[in-house]
Amino acid sequence: MTRASFLLGYRTMLIEFDCSVQLSNVVKQAATSCEEFNDEFDPQIRTADPRFGDFQANGVLPFAKKAGLNPRELSEKLLKSIPLSDYWNTSLAGPGFINFKLSEKYFFEWAKKFSDKQSIRSAIKEKKSKKVVFDFSSPNTAKQMHVGHIRSTIIGESLSRLFDFFGHQVIRDNHLGDWGTQFGILLLSIKKLGVSLEDLGADPIAKLEELYRQGNQLVKDNESNLDEARTELVKLQNGDSENLTLWEKIKEISMDSFLKIYDLLDVKFDFSLGESFYRDKVDEIYAKLLSFKICKEDDGALVVFHPEHKRFAKQPFIIRKSDGASNYATTDLATVQYRFEKWNAEEIIYVTDGRQRDHFDQLFLTVKKWYSAEDISPPKLFHVWFGTILGDDNKAIKTRDGQPIKLIDLLKEAIERAKLLIVEKNPSLDCSEVEKRAKIIGLGAVKYADLSQDRTLDYVFSWDKMLAMQGNTAPYLQYAVARINSIFRKAQSQPEDSFNIFQTSLSESERNLFRKLIFFPVVLKQTVKELKPHFLCTYLYELSTDFSSFYNQNKVMVENEKIRSNRLLLCSQTILFLKTGMAILGIETLQEM
RNA sequence: GCGGGAGUAGCUCAGCUGGAUAGAGCAUCGGUCUUCUAAACCGAGGGUCCUGGGUUCGAAUCCCAGCUUCCGUGCCA
């Protein structure tokens, strides 16, 4: 084939959303015409250092090593087989990197093609949609949600949104801790103190917590009270109607308080099947695991060992306690079965604290053996774990008197702090507008602070840092969006409007912004693959800084129609990606700040 | 004891799973508003990537050993 015909082919080639996929195909195609390469060759397209280009293919080096060839010579040969294109320039560098520098033609055509919501959604959509259950938030009933629940709730919601964006079928299931031993003490307390659950005052969940504390005291004070608490629990578990009614009421009060928080955070669940839902399904689990000889009795408890595992050969997975009661291991097994059989879940993603890693490793191993014995392939199970939120003292965050911080208080404080900043900058703004913005900015800051750091690490909680306008924060991103909105107000148009494009030469900051926009799909894929929202956050922050540079150096609303139109296109795509990305993070944006 | 995280600028963190001269923000110092929001932007200084070995064209990233620190480790979740 001649170079001319190659070129012809490229003119008709469709531009893909993910440029790295496109380049990978180009390089692979070129490799087929070089006899040295075979199917194992992976071009390894990566984003490049701006000094060298926009993307680079690293794959020749490891391939040459394996084949015992000179990498530089092999790259030269491959490069010659890559057809000329007016979409990019290629160059060879170093020991054998192939660099791609995208042309202005490519930038403009790409931006034009992916300038609206529908086009990017359909471009990113996975061909095979999966049914994925997200198990997150999962607070215990009869207690208020505290700061310890925030990460699961925010990360779980964000990942759910991300999967939804990729076109998967997402089921959000709040696996409530509603069947624990806490109910014995609570029921005792309610009965001893003669409290009516219908009349707990303005803050019923706080009252329940107090009753629990009082119950604990009763149990400590008097041995017979402890026995009574146990009796109440057994009565509940055996279906005593009075206790069940109380338990239902407690659950209702708890859900009301959770919903207030979920409303604030804009989190919605498809199901809230707690541990209690599985209480009549655990016997079947015992029977099955016993029949498959996966579990055995040990010290009176029913346990699973994994002899092939260095640690779980000795460390048991206890599925039935020696007193005959089930625990969370049992309900988690029953839950896998239910989600698989009733919902046809293909994947289940658990979002919990990293301290539960052993539990989930053991659960996953047990499920694997169980389903293997049934000769069925189980759903894929993933544990998305996260670190601890630390206070100033680098220890798990607590109030001054050592109590866990109530989540509702934390969220309210975020809103209050945001309010102060808004009023400081806009003293004449009316109250309702201040309220509205404070909610968006304050809650956005809290969410972003959590999502923007690698979830597997502990992080230090800092109001000043998360609400700052400089650096990797939600308000900084929201400010960029507000400035773009401001430009469109002046232009008397909308970001969604269609803009004519005129291929012009680009200033440095314009080019940088285009380049960053091109990376959006690459980052989305990385985020969903690693289940780490901070990749997306880092990208959105960089996109915002590149926009800010552009904004300061290039006036959009200029006389020259071509330049104006092109810059509006850039603004339009920037705000589209920012808003899309932030929506995945669960963060709202504003017209004005 | 065993197992698992973490250790990168004074501080808080990134670093695309082995790529080119390790990057941001804060803090410090200096500059930019008659302009679409200066809540911003531009620039400067700041590094034994915990230590020591190893693997190779190439290591913050992989393997081994050690140090510091956090967490888990039989009836809580």
Side-chain angles (χ1 to χ4, degrees), chain A residues 20 44 46-49 51-52 56 58 61-62 64-65 70-72 93-97 99 138 140 177 180-182 275 298-303 309-312 314-323 325 327-329 331-332 352-359 361 385 387-388 390 394-396 421-422 424-426 441 452-454 456-460 462 464-465 467-473 475-476 478-480 482-491 509 519 522-523 526 530 534-535 537-539 541-542 545 548-558 567 571 592-593:
Chain A
S20 72
Q44 293 189 17
R46 302 283 141 83
T47 57
D49 187 305
R51 283 170 304 199
F52 306 118
Q56 60 185 42
N58 295 342
L61 284 94
K65 187 201 270 186
N70 180 316
R72 175 90 193 184
F97 302 112
N99 293 321
S138 311
N140 294 325
T181 46
Q182 73 266 36
E275 291 169 340
D298 200 277
D299 280 352
L302 202 58
V303 305
H309 192 282
K310 52 192 163 188
R311 208 152 21 93
F312 303 144
K314 294 259 168 70
Q315 184 181 319
F317 187 56
I318 298 170
I319 61 170
R320 190 177 64 200
K321 300 191 281 184
S322 49
D323 64 3
N327 63 5
Y328 72 127
T331 49
D332 274 345
T352 85
D353 194 285
R355 285 173 294 195
Q356 295 183 39
R357 265 181 299 164
D358 276 0
H359 166 72
D361 286 348
W385 57 274
T388 311
L390 308 174
N394 271 353
K395 288 181 180 165
L421 292 171
I422 292 161
E424 190 189 324
K425 300 292 175 190
N426 313 276
I441 293 170
S452 61
Q453 287 196 299
D454 187 329
T456 61
L457 304 180
D458 297 347
Y459 77 93
V460 178
S462 158
D464 291 339
K465 203 181 147 194
L467 284 162
M469 284 302 304
Q470 312 92 325
N472 191 9
T473 67
Y476 182 84
Q478 288 165 328
Y479 185 58
R483 295 218 281 198
I484 297 173
N485 279 324
S486 173
I487 291 169
F488 282 101
R489 276 197 300 278
K490 181 161 181 180
S509 61
F519 295 159
V522 180
V523 172
Q526 189 198 0
E530 304 289 330
H534 83 281
F535 288 133
C537 295
T538 303
Y539 170 79
Y541 172 57
E542 288 173 359
T545 57
S548 295
S549 296
F550 158 80
Y551 179 89
N552 274 272
Q553 286 163 38
N554 304 277
K555 191 169 163 60
V556 175
M557 294 308 293
V558 291
R567 288 182 179 166
C571 288
E592 294 176 62
M593 263 178 91

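Proteins get letters first, then strands, A, B, ... in listed order; numbering begins at 1 in each.
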When you compare the ring of A:Phe52 with the six-membered ring of B:rA20's base, are the centres less than 5.5 Å apart and the planes under 30° from each other?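 Yes, A:Phe52 stacks on the base of B:rA20, since the ring centres sit under 5.5 Å apart and the planes are within 30°.
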
Centroid under 5.5 Å and tilt under 30°, A:Phe97 to B:rA20: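 So yes, this residue stacks on that base, both cut-offs being met.
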
[atom1]-based separation of [M] from [N] [nearest Å]:
N	M	atom1	answer
B:rC50	B:rG7	P	7 Å
B:rA40	B:rG4	P	44 Å
B:rU51	B:rC42	P	33 Å
B:rC41	B:rU35	C1'	14 Å
B:rG25	B:rG1	C1'	42 Å
B:rG54	B:rA9	C1'	29 Å

Looking only at heavy atoms, what is the nearest atom pair of [X] and [Y], with distance?
X	Y	value
A:Ala93	A:Arg72	C-NH1, 3.8 Å
A:Asn99	A:Gln56	OD1-CB, 3.4 Å
A:Arg483	A:Ser548	NH2-OG, 3.7 Å
A:Gln453	A:Tyr459	OE1-CB, 2.7 Å
A:Ile318	A:Asn327	O-ND2, 2.9 Å
A:Gln44	A:Pro62	NE2-CG, 3.7 Å

Which nucleotide wins on minimum distance to the side chain of [X], given the candidates [options]?
X	options	answer
A:Arg51	B:rA38, B:rC36, B:rU21	B:rU21
A:Pro95	B:rG25, B:rC41, B:rC57	B:rC57
A:Gln315	B:rU73, B:rG3, B:rG19	B:rU73
A:Tyr479	B:rG5, B:rC41, B:rA38	B:rA38
A:Gln56	B:rA40, B:rG74, B:rA20	B:rA20
A:Asp358	B:rG72, B:rA77, B:rC36	B:rG72
A:Arg311	B:rC36, B:rG3, B:rG74	B:rG3
A:Val303	B:rG74, B:rA24, B:rA20	B:rG74
A:Ile318	B:rA39, B:rU56, B:rC75	B:rC75
A:Asn552	B:rA40, B:rA39, B:rA20	B:rA40

Tell me: [atom1] of [X] to [atom2] of [N], nearest whole Å?
X	N	atom1	atom2	answer
A:Phe550	B:rA40	CZ	C1'	15 Å
A:Asp49	B:rG15	CG	C1'	13 Å
A:Asp332	B:rC75	CG	C1'	16 Å
A:His359	B:rG4	NE2	C1'	17 Å
A:Arg357	B:rC70	CZ	C1'	11 Å
A:Asn554	B:rU32	CG	C1'	15 Å
A:Lys314	B:rG3	NZ	P	12 Å
A:Phe312	B:rU73	CZ	C1'	9 Å

Taking A:Arg311 first and then A:Asp358, would you say they form a salt bridge - that is, a charged N and a carboxylate O separated by under 4.0 Å?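 A salt bridge links A:Arg311 with A:Asp358.
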
Using a cut-off of strictly less than 4.0 Å, decide whether [X] has a side-chain nitrogen or oxygen near OP1 or OP2 of [N].
X	N	result
A:Tyr551	B:rA38	yes
A:Arg46	B:rU17	yes
A:Ser549	B:rC42	yes
A:Lys321	B:rC75	no

When both hydrogen-bonding distances must be under 3.5 Å and the geometry is Watson-Crick or G-U wobble, what is [N] paired with, if anything?
N	result
B:rC26	B:rG10
B:rC36	none
B:rC2	B:rG72

With RNA chain B as reference, determine whether A:Gly354 or A:Pro62 sits nearer its 5' end, using the nearest nucleotide of each.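 Nearer the 5' end of the strand: A:Pro62.
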
Go nucleotide by nucleotide along RNA chain B from the 5' end; which of A:Asn485 and A:Ser548 gets its closest nucleotide reached first?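 Result of the comparison: A:Asn485.
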
Tell me whether the side-chain N or O atoms of A:Thr47 pair up with the base of B:rC16 as donor and acceptor below 3.5 Å, since no angle test is needed here.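 It does, because a donor-acceptor pair links the side chain of A:Thr47 to the base of B:rC16 below 3.5 Å.
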
Give a yes or no on whether a donor-acceptor pair under 3.5 Å exists between the nucleobase atoms of B:rC75, that is its base, and the side chain of A:Ser322.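 Looking at the base of B:rC75, it does pair with a donor or acceptor on the side chain of A:Ser322 (distance under 3.5 Å).
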
Would you say A:Thr473's side chain and A:Ala468's backbone share a donor-acceptor pair under 3.5 angstrom?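 A pair under 3.5 Å: yes.
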
As an exercise, state the distance from CG of A:Asn394 to CG of A:Asp458, rounded to the nearest 0.5 Å.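 Answer rounded to 0.5 Å: 9.0 Å.
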
What is the glycosidic conformation of B:rC33: syn, defined as within 90° of 0, or anti?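 With its glycosidic angle within 90° of zero, B:rC33 counts as syn.
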
Anti or syn, where syn is a glycosidic angle within 90° of 0; which label fits B:rU17?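 Here B:rU17 takes the syn form, which means its glycosidic angle is within 90° of 0.
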
Under 6.0 Å between the ring centres of A:Phe317 and A:Phe312?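 No; A:Phe312 has its ring centre 6.0 Å or more from that of A:Phe317.
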
Any N/O pairs under 3.5 Å between the protein and nucleotides 11-14 of chain B? List them or say none.
residue: B:rU12; atom: O2'; partner: A:Lys465; partner atom: NZ; Å: 2.3
residue: B:rC13; atom: O5'; partner: A:Gln453; partner atom: NE2; Å: 3.1
residue: B:rC13; atom: O3'; partner: A:Gln453; partner atom: NE2; Å: 3.3
residue: B:rA14; atom: OP1; partner: A:Asp454; partner atom: N; Å: 2.9

Quick one: label A:Lys490 by what it contacts on the DNA or RNA (base, sugar-phosphate, nothing), any heavy atom closer than 4.0 Å.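 Sugar-phosphate only.
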
